[in-house]
Number of protein chains: 2
Amino acid sequence: MKKRASLKDIAQEAGVSTALVSYVLTNKEEKARVGREMASKIRKIARKLNYQPNYLARSLKSGRTDTIGLIVADISNPFFGQIARIVEDEAKRHNITVIFGSSDENAEKSADLMNVLLNRQVDGLIVIPSEGSEQQILQLSERHVPFVLMDRPFPSIAASSISINNFEASYNAVEHLLHSGRKRIGMIAYQTGLHHIAERRRGFEEALANAGLKTGKRLKLARYNHLREDIRKAIDQLTGGKHPADALFFATNSLAIEGLRYISELGIRVPEQLAVVSFDESEAFDLFHAPVTFIRQPIREMGKAAVQLLLSQIADSGRPPEDIRIDAELVVRRSSAAN
Amino acid sequence: MKKRASLKDIAQEAGVSTALVSYVLTNKEEKARVGREMASKIRKIARKLNYQPNYLARSLKSGRTDTIGLIVADISNPFFGQIARIVEDEAKRHNITVIFGSSDENAEKSADLMNVLLNRQVDGLIVIPSEGSEQQILQLSERHVPFVLMDRPFPSIAASSISINNFEASYNAVEHLLHSGRKRIGMIAYQTGLHHIAERRRGFEEALANAGLKTGKRLKLARYNHLREDIRKAIDQLTGGKHPADALFFATNSLAIEGLRYISELGIRVPEQLAVVSFDESEAFDLFHAPVTFIRQPIREMGKAAVQLLLSQIADSGRPPEDIRIDAELVVRRSSAAN
DNA sequence: AAAATAAGCTTAAACGTTTAAGTAACCTAG
DNA sequence: CTAGGTTACTTAAACGTTTAAGCTTATTTT
């Protein structure tokens, strides 16, 4: 790369000190009482040399980098991809750059990533935490790093968070299935200690309980690293036996997509034999022969809120943590039609 | 954020100069002939204070940031999301951080982004260029910024690029449709001057020509910003009339997904009435009642190659540009079965 | 025993900014 | 005419590193 022009180069050409140039180019001429002529001369030279400030130097001095870090759980999942995009857009509106990383649902990778980002002196972090990362998050808190948890709050940690009302969303979805006449509703969730999934499970169980039904063995768990086999086994169990399930509720889009692949393969008719509802959105849901009923998370709203909350946290480090809980929307389509 | 420990803090506690500390912590003790005892004392203190080097200061000195920029065309498209993930992984293997941005297929936004990234002193760029960004790319070249184009080469610009053999992939896909007995093959592509799309169109046209067929009005274009309406119109035209198309070839996954939505709506039977083939992968293709035949781009290979090419470009700025062309694979499934 | 070498450290400058404090020249008011 | 103010600049230090060059003191060589 060719050497870029620095304040020094401009100063030299204008025959003044770098300080003066700095005052002008950061629009502090008033305060520094720079002469009108000199100011315009400096500006002209700056333009001629195509001066671009060196953010490194500036940040070194100011202690701020105008950069935030975003750690998502898995960037190849469009759900997180969308979040990344919205966070980036919103950040740019505030002249903030985003450095991102994907933890791939792996606590170790997440810790690495966090270190890298903090070493790059980000001003703060937005984190979609993976399982087992409580300690890391706690450390952020102790080191007084401004951060916001997104999508997955940790109730045990006093930290700002943005998420949907998982319990309620789940409850409503199951209630919808009940209203459409389903009696033997199964759920497939991740096997994880993460609170948002626990809440989704709780919503499922409570909705059934309130309808006088018992969950029984209809709640199945799949391991993230054995998604395919676990889901197939779960579906085999749920749809087999004397009392096969007549509805299936998936706790995330990736679970649903893998599940629907198998359901297609088995030739199970949706919604006649089996109603389907899933959390999260996916283009794949539209192309399934019976468009899939899903719980839409207000991603845009969440992303914006996350950035704004983080920025105010950065601006005022004494700010108490804030939990923002947003309602999700059930989008009813053919996969859960009454029969 | 609490103040982090600096070399100075360590030096003070050890009663030595910062220089000595620097030598030890950058493992130059041999060269600088630091005493064994002192070295271990310094290391111990560094550990105790949890010293983390300040990359800003280091970069300011060295002129390198160990950071590359990635500009994708649209991060909310899983295709690019995957690329982002792979680029990030590969970069991390080399201890390089990635700063990314999405141009949303918008040349202006792309220019903004480029400036932001360059101002952050990235060592180089990987760009998936959007339409109309030739000038920006040319400027990169003139400013001697190391960069690599990905997915979409600009044949008019001497620059390194990684892409698939679009012409050939397209040709093969159409040939496959011909072999499965299709005679009236339509194609829907983006209306764009981008070379990779032009190549895909050329592959389509030539495959038909070689089979003694003419393209006629069976090549339809859709505008990125009017995707839905343009695709619907195109499909109406292609499937209507006396000689309705018996196969449809989509130039990208987003075109295909929008198209398949409409095809489902219209109740057109795939593959009986209409065979379907698309470029790129998508989970949605799996869930379509007739799993969609598609052209798989070797994303991992491309991502790795892009990072490696960029890094060698950064290391040796005199290096001549290199074009890497990788073959894509046609994955045949039910949507294009013979009838 | 003087000279050369080695060992173990320090000094100081540099990277490109920002900004408080200082200075010199001129102007104005009493 | 002179104290005080204003204008238009400069000086210098600081942010946290890196690294060539310098400086002691101790050890080896001849």
Side-chain angles (χ1 to χ4, degrees), chain A residues 1-43 45-46 49-67 118-123, chain B residues 1-43 45-46 49-67 118-123:
Chain A
M1 285 203 239
K2 204 160 44 183
K3 214 184 112 260
R4 312 158 125 247
S6 70
L7 289 185
K8 211 173 172 182
D9 300 320
I10 300 177
Q12 224 145 45
E13 181 144 352
V16 297
S17 70
T18 62
L20 203 63
V21 179
S22 172
Y23 285 127
V24 171
L25 297 182
T26 51
N27 298 312
K28 297 201 183 63
E29 14 171 353
E30 304 277 283
K31 211 181 136 214
R33 293 165 313 197
V34 182
R36 278 167 85 358
E37 283 179 41
M38 185 49 86
S40 74
K41 179 176 176 188
I42 287 174
R43 265 189 250 277
I45 295 176
L49 298 183
N50 187 28
Y51 171 74
Q52 302 287 129
N54 183 324
Y55 277 69
L56 292 180
R58 188 176 273 181
S59 295
L60 183 56
K61 189 89 235 290
S62 68
R64 296 180 325 119
T65 54
D66 291 334
T67 302
L118 291 175
N119 282 348
R120 305 272 159 169
Q121 322 286 130
V122 294
D123 293 337
Chain B
M1 286 203 237
K2 204 158 44 182
K3 215 182 113 262
R4 310 156 125 250
S6 71
L7 290 184
K8 211 173 171 182
D9 300 321
I10 299 176
Q12 225 146 44
E13 180 144 354
V16 297
S17 71
T18 62
L20 204 64
V21 179
S22 172
Y23 284 126
V24 172
L25 297 182
T26 52
N27 299 313
K28 297 202 185 62
E29 15 171 353
E30 303 277 284
K31 211 182 135 214
R33 293 167 314 196
V34 181
R36 278 168 83 358
E37 283 180 40
M38 184 51 85
S40 74
K41 178 176 177 190
I42 286 174
R43 266 189 249 277
I45 296 175
L49 299 184
N50 187 29
Y51 172 74
Q52 302 288 130
N54 184 324
Y55 277 70
L56 292 180
R58 188 176 273 181
S59 296
L60 182 57
K61 190 91 234 293
S62 69
R64 294 181 325 117
T65 54
D66 291 335
T67 302
L118 291 175
N119 282 348
R120 304 272 159 171
Q121 321 286 128
V122 295
D123 293 337

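In the text below, chain A, chain B and the rest are named by the order of the sequence lines, each starting its count at 1.
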How close do A:Ile42 and A:Ala14 get, heavy atom to heavy atom, and via which atoms? CG1-CB, 4.4 Å
Using a heavy-atom cut-off of 4.0 Å across all strands, would you classify A:Tyr55 as base, sugar-phosphate, or nothing? nothing
Quick one: how far along DNA chain D does chain B reach, first to last nucleotide 5' to 3', anything under 4.0 Å to a heavy atom? D:dC15 to D:dA20
Check the distance between C:dA25's P and A:Arg33's CZ and give it to me in whole angstrom. 16 Å
5′-ward residue of the pair B:Arg36/A:Gln52 relative to DNA chain C: B:Arg36
With salt bridge (Lys or Arg N to Asp or Glu O under 4.0 Å) as the rule and sequence neighbours excluded, what pairs involving residues 25-34 of chain B come up? B:Glu29-B:Arg43
Rounded to the nearest 0.5 Å, how far apart are CD of A:Gln121 and OG1 of A:Thr65? 7.5 Å
Less than 4.5 Å apart, any side-chain heavy atom of B:Leu25 and any of B:Ile10? yes
With a 4.5 Å cut-off on side-chain heavy atoms, are B:Asn119 and A:Arg58 touching? no
B:Leu56 side, atom CG; A:Ser62 side, atom OG - distance, nearest 0.5 Å: 8.5 Å
Contact list for DNA chain D against residues 56-64 of chain A - heavy-atom distance below 4.0 Å: A:Leu60, A:Lys61
Between the opening five pairs and the closing five pairs of the helix from C:dA1-D:dT30 to C:dG30-D:dC1, how far apart are the helix axes, to 10°? 60°
Side chains of B:Met38 and B:Val16: closer than 4.5 Å at any heavy-atom pair? yes
Pick base, sugar-phosphate or nothing for A:Ser22, based on heavy-atom distances below 4.0 Å to the nucleic acid. base
Not counting sequence neighbours, which residues clear salt bridge (charged side-chain N to carboxylate O under 4.0 Å, His left out) with A:Arg64? List them please. A:Asp66
5'-most by nearest nucleotide on DNA chain D - A:Gly35 or A:Thr18: A:Gly35
Let me confirm one number: the OH-CG distance from A:Tyr51 to A:Leu7, rounded to the nearest 0.5 Å. 3.5 Å
A:Lys31 NZ to C:dA21 C1', straight-line distance once rounded to whole Å: 12 Å
So, B:Arg120 and B:Thr67: side-chain donor and acceptor under 3.5 Å apart, yes or no? no
Which residue pairs pass the side-chain hydrogen bond (donor to acceptor under 3.5 Å, both in side chains) test when at least one of the two sits in residues 10-21 of chain B, sequence neighbours left out? B:Glu13-B:Lys48
5' priority, DNA chain C, between A:Lys8 and A:Ala19 [closest heavy atom]: A:Lys8
